[in-house]
Amino acid sequence: DAGVIQSPRHEVTEMGQEVTLRCKPISGHDYLFWYRQTMMRGLELLIYFNNNVPIDDSGMPEDRFSAKMPNASFSTLKIQPSEPRDSAVYFCASSFATGKIYFGEGSWLTVV
Amino acid sequence: GIQVEQSPPDLILQEGANSTLRCNFSDSVNNLQWFHQNPWGQLINLFYIPSGTKQNGRLSATTVATERYSLLYISSSQTTDSGVYFCAVSTGNQFYFGTGTSLTVIP
C-alpha cells in the first residue's frame, strides 16, 4: 500500500521565491496534517484538515504561509515569499479519524 | 497546550542491551502515539496507545493515562534501532510532540 507521498523531496530556492510543497495522503484517511521540523523548535503542527476543511491553522507562522486541500487526495503548502528562516523539513501526515498517524518522508527545504 | 517531556534526552546502548524510554505529559489525553525517526529522517509510527500495553516484536509500550505517563521498552537492541524516539499526545486532533530521546546503539 502506498503511504503518504510528498514532493519535492528536496528543494533549494532563493529568498523571495515562491515554494509549493505537495502531499498525497493515504487513501481513505480523513485527516491531513502539515508539520515543520527544525533543530531549534522540534516538530511543530502548522495546520490540519478534516475532510478537506482546514480545522486549525494557528500554527501557521505568518501570512506568507498558506495551505489548501482541494480534494481528499491532494494538499499543498505554499510559502510566498520564502525566507532563509523557513529552511526546515516539512512533513505531511494523515490518519483515519483519531487513529494512527502516518508521516510522509518529508520535504527538505533550504532557502538561501 | 499540553507539555510533553521525554527522558532521557540521549541514550547510548551496546547492541543487545535493553532500555526504557519515558514520556510524561501535563494533562489528560485521549490519544498517545510513539514514533521512531530513523537517521534518514523518516518518521515511523510504532504504537497507538492511549492506554494499556501493546507489544510489537522487540518493542512494547505501556501508557498509564491516570498517572500521565507512557513507557517504551526496547529489548535486545539492534543498530537499526538508532534514531530519535518521539512521544506525541492529543486531546482532540492537535498533537503535541515531545523533544525526543536520541538513541544510539553501538555494535
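Quick caveat: nothing in here was measured; it's all calculated off a predicted structure. These numbers come from the heavy atoms of this one structure, side chains and all, not from hydrogens, waters or symmetry mates. Order of the sequence lines sets the chain letters (A, B, ...), proteins ahead of strands, with each chain counted from 1.
Residue contact with chain A, scored on non-hydrogen atoms closer than 4.5 Å, involves the side chain of B/F35 exclusively. The contact between B/N45 and chain A is made by backbone and side chain atoms together, counting heavy-atom distances below 4.5 Å. At a 4.5 Å heavy-atom cutoff, the contact between A/Q37 and chain B is made by side-chain atoms alone. Proximity to chain A is limited to the backbone of B/L46, based on heavy atoms less than 4.5 angstrom apart.
Ring planes of A/Y102 and A/H29: tilted class, angle from 30 to 60°. The aromatic rings of B/F95 and B/F97 lie tilted to each other, with the angle between the two planes from 30° to 60°.
Salt-bridge annotation for A/R85 and A/E62: present, with a side-chain N of the basic residue lying under 4.0 Å from a carboxylate O of the acidic one.
Taking OG1 of A/T20 as the reference point, atom CD of A/E18 lies at 4.5 Å (rounded to 0.5 Å).
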